[in-house]
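See below for the structure under consideration.
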Amino acid sequence: MSGDHFQNENQVDCGSRVNDSHKHRDKHKEHKLKDHKKDKERDKSKHSNNDYKDSSDKKHREKEKIRHKDGSADKHKEKRKEEKIKDGKIKKEKENGFGSSMHVKSEPEDLYHAPKHEKSLKRERDDDDVEFKSKKIKTEDDKKAKKRKHEDVKVKPKGKVKKEVADGKKKAKKEPEEKWKWWEEERATDGSKWKFLEHKGPVFAPPYEPLPSRVKFYYDGKQMKLSPEAEEVATFFAKMLDHEYTTKDIFRKNFFKDWRKEMNSEEKSKITDLNKCDFNEMAEFFKAQSEARKSKTKEEKLKLKEENERLLQEYGFCIMDNHRERIANFRIEPPGLFRGRGDHPKMGMLKRRIRPKDIIINCSKDSKHPEPPPGTKWKEVRHDNKVTWLVSWTENIQGSIKYIMLNPSSRIKGEKDWQKYETARRLKKCVDRIRNQYRDDWKSKEMRIRQRAVALYFIDKLALRAGNEKEEGETADTVGCCSLRVEHIKLSPEKDGQEFVVEFDFLGKDSIRYYNQVPVEKRVFKNLQLFMENKEPDDDLFDRLNTTVLNKHLQELMEGLTAKVFRTYNASITLQQQLKQLTNSEDNIPAKILSYNRANRAVAILCNHQRAAPKTFEKSMQNLQTKIDAKKDQLSDAKRELKSAKADAKVRRDEKTKKSVETKKKAVERIEEQLMKLEVQATDREENKQIALGTSKLNYLDPRISVAWCKKWGVPVEKIYNKTQREKFAWALDMAEEDYEF
DNA sequence: ATCGATACTTAGCATTGGGGTT
DNA sequence: AACCCCAATGCTAAGTATCGAT
């Protein structure tokens, strides 16, 4: 973990008082009362929950976490199968893009567009300016420009570099495409997220296609024709048949209940027992269908691909403040059976199909509004520029709102991301003060302050999540720091030769198990004992604390500080430190990358980012080993040849043999390098078996640290960030120099 | 203080795509 | 050309955080 912490550790308290604890005891009980009732309920689910699958294999770390057993087996697949069928439909007019009148011009002074850069040879910018001044509808020229833009965007992503170069010279159109550097522009200060927004609305899930009549459903051994409504829901179940969770009671119960709601009265009276339903023919049909899809010819596949691309071009972009920006998720989630993660009480419920009348559109008043499909209406069209979403609807399982928003490469997401790291850097400047303060607060007379201080210590030291309260029975039973319960920690005055050990064992976000044994300072330990006194296992550990209270306090310590900033800060600072520590200047590039990955891994472990070991892990390790062995053989052959060439050269001493020695020497070196690369790869893969690097890379690590590292050591940034990631972090690639310090 | 609504970030797994291999 | 493999992408659930009403 972050080296920063270590210093704390050593200043181990000076004289913790065992007792001051007692005087505060009294206060807390009453607060607890509130949750007793829910505690009861919780019990049930909890118990079934608690046996974690024991994962033996954890290598380099003592932390081990595994999704809790109940959840683990079944958790994965389940949903999206149905979407295989889709694709074809939803076509609308072909006219592409945004032909509409664009932008309103109204906001003149508008910081956003003030191009401060002289360097603006970029076409986009030029366009902007034109549009900007002439608040009008697009002219033909504009249209053309737009179109070009489309092409550019398209070509870029897929075209290889060389191609681009070629294209570039054939038309001037290439360079104007120069990426927009939004980070060089002013940011709005009035809380508005945009001035102009135009888009085409969402792409709906394709309508249900009834099964061919040869595919039968049987109830109690007898064939039965289902109504289309009931049949559709049945197919959702059929598609999941080979997954374990279709065998789970809750899943089956929820499914059956919702399925019956879709049945007509005849079906309802006949079909009363899920166990008597035979979905096998349906399941077979879908399997065959996906086989068929795979074996499609090239042409067919190409056609599908083109169709997809067309849809992307039409619906996958919006115009926001004079720039064409990619939308993240323009397709509406198809209907299906809900499968939450972990032990979710709602698993198996029917996730309803979303229709136009469920949809709220958000766009500029003066944009061309998206059209609902013929014969339908939107629920609402609003013009709220204080938010970033384009489309929203309410989902029926939890009643939460879902949104269509922009891609991470967009200005609006990028700015926010950048800002997030700037906040974390501000924390860096005052973290010592804050740490001193919470250490002081461990001694407070007030229970709530002690709790707050201990919780904050965990959040800082262990990078725990804040732990908002959740609605009981609506979701899987998971916790974060503030919502830890007594049963989630175990105290040992002495364990494995260490004093004051706290053992954490709980399910966190996504029901991923957090397991860790941590020696803490005596004062923390004593406080925990105090917090746990007279409580039941399922009582809150921090009964006087919640995330709102904590964040309010943090806000006072530093503007913009919330619990999650600590995670960002500790992740980024850890990366920076680890890179410094692990990178060897004389290493070659692959070895340096291994060091990078190890630094990244340290962060992933800190943040508890796990993954199930890939199903094919063993095999792929084996394959790699085979390659390595082959390479070793090749190496010894090459060495032998070199030797004999040398011997030869000694005798003959002519130019030709000398040359030959040189060549062979080169060959040996090349093979050695290849071998080393493979070995590094094997090490990296092995170490990464159950650790997911992506999440921290994408969400917690200030990209400028990585960019600076690449520059410093001459590692191509493409080795660290793939294309998508480079797009997301374009701001960082552009601005970070080798001396960047987080 | 608590609740419910809202908006936005973070998360892991499933599927896909496209390059390499046979 | 079929197949294999893994990185990249897609998907959407599950978090965090804040606000305004009660």
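All chains are named by letter (A, B, ...) in the order of the sequence lines, taking the proteins before the strands, and each is independently numbered beginning at 1.
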Phosphate contact (dT10(B) OP1 or OP2) by Lys420(A) side-chain N/O below 4.0 Å: yes
Set of residues satisfying ring pair (Phe, Tyr, Trp, His ring centres under 6.0 Å) with respect to Trp393(A), sequence neighbours excluded: none
Rounded distance in Å - CE (Met558(A)) to P (dA17(C)): 12 Å
Touch class at under 4.0 angstrom, heavy-atom based, for Gly508(A) against every strand present: sugar-phosphate
Sugar-phosphate only, base, or nothing, as touched by Asp417(A) at under 4.0 Å among non-hydrogen atoms: nothing
Salt bridge (charged side-chain N to carboxylate O under 4.0 Å, His left out) partners for Asp258(A), two or more places apart: Lys261(A)
Nearest listed nucleotide, side chain of Arg685(A), among dC6(C), dG15(C), dC8(B): dC6(C)
Asn551(A) side chain near dA17(C) phosphate (N/O to OP1/OP2, under 4.0 Å): yes
Per Thr562(A) side chain, nearest of listed nucleotides dT12(C), dA17(C), dG12(B): dA17(C)
Polar side-chain atom of Arg448(A) near backbone of Asp543(A) as donor-acceptor pair, under 3.5 Å: no
For atom CD1 of Ile397(A) and atom C1' of dC11(C), their distance in whole Å: 16 Å
Sugar-phosphate, base or nothing in reach of Ser620(A), heavy atoms under 4.0 Å: sugar-phosphate
Sugar-phosphate only, base, or nothing, as touched by Thr388(A) at under 4.0 Å among non-hydrogen atoms: sugar-phosphate
Touch class at under 4.0 angstrom, heavy-atom based, for Asn722(A) against every strand present: sugar-phosphate
OP1 or OP2 of dC8(B) under 4.0 Å from side-chain N/O of Lys413(A): no
Rounded interatomic separation in angstrom, taking CD1 from Ile512(A) and C1' from dA11(B): 8 Å
Given dT18(C), dA13(C), dA11(B), the nucleotide with the shortest approach to the side chain of Arg465(A): dA11(B)
Which nucleotide in dT18(C), dC8(B), dC13(B) has an atom nearest any side-chain atom of Arg611(A): dC13(B)
Presence of Gln398(A) side-chain N/O under 4.0 Å of dA14(C) phosphate oxygens OP1/OP2: yes
Between dT12(C) (C1') and Leu337(A) (CG): distance, integer Å: 15 Å
Length of the line joining Lys386(A):NZ and dA7(B):P, which is rounded to integer Å: 13 Å
5'-most by nearest nucleotide on DNA chain C - Ala476(A) or Gln725(A): Gln725(A)
Rounded distance in Å - CZ (Phe617(A)) to P (dC5(C)): 15 Å
Closest to the His609(A) side chain, choosing from dT10(B), dA11(B), dC6(C): dA11(B)
Residue among Ile404(A), Val387(A), Leu390(A), Val391(A) satisfying side chain to side chain contact (heavy atoms under 4.5 Å, CB included) with Asn362(A): Val387(A)
Whole-Å gap separating C1' (dT22(B)) and NZ (Lys627(A)): 13 Å
Mutual orientation of the aromatic rings belonging to Phe237(A) and Phe251(A) [parallel < 30°, tilted 30-60°, perpendicular > 60°]: tilted
Pairwise 5' ranking along DNA chain C for Tyr721(A) and Ala466(A), keeping only the more 5' one: Tyr721(A)
Of the listed nucleotides dA7(C), dT16(C), dG12(B), the one nearest the side chain of Thr695(A): dG12(B)
Ring centres under 6.0 angstrom apart (His199(A), Phe330(A)): no
Sugar-phosphate, base or nothing in reach of Glu395(A), heavy atoms under 4.0 Å: nothing
Short N-O contact, Glu306(A) and Arg310(A), less than 4.0 angstrom: no
Atom-pair distance (CH2 on Trp194(A); P on dA7(B)), nearest Å: 12 Å
Selected nucleotide, minimal atom distance to Lys564(A) side chain, candidates dC5(C), dA14(C), dT16(C): dT16(C)
Lys416(A) side-chain proximity, nearest of dA13(C), dC8(B), dA7(B): dC8(B)
Sugar-phosphate only, base, or nothing, as touched by Gln681(A) at under 4.0 Å among non-hydrogen atoms: nothing
Sugar-phosphate only, base, or nothing, as touched by Lys619(A) at under 4.0 Å among non-hydrogen atoms: sugar-phosphate
Upstream residue (5' side of DNA chain B) when Thr394(A) and Ala612(A) are each assigned their closest nucleotide: Thr394(A)
OP1 or OP2 of dG10(C) under 4.0 Å from side-chain N/O of Asn329(A): no
Position toward the 5' end of DNA chain B (nearest nucleotide), Ala692(A) or Arg382(A): Arg382(A)
Reference residue Glu422(A); test salt bridge (charged side-chain N to carboxylate O under 4.0 Å, His left out); the match among Arg426(A), Lys420(A), Arg425(A): Arg425(A)
Sugar-phosphate only, base, or nothing, as touched by Lys351(A) at under 4.0 Å among non-hydrogen atoms: sugar-phosphate
Heavy-atom donor-acceptor pair, Lys402(A) side-chain to dT12(C) base, under 3.5 Å: no
Touch class at under 4.0 angstrom, heavy-atom based, for Gly467(A) against every strand present: sugar-phosphate
Among dT12(C), dA14(C), dG15(C), the nucleotide that comes nearest once only the side chain of Thr478(A) is considered: dG15(C)
Touch class at under 4.0 angstrom, heavy-atom based, for Tyr403(A) against every strand present: base
Closest listed nucleotide, where the reference is the side chain of Phe338(A) and the choices are dG15(C), dA14(C), dC8(B): dA14(C)
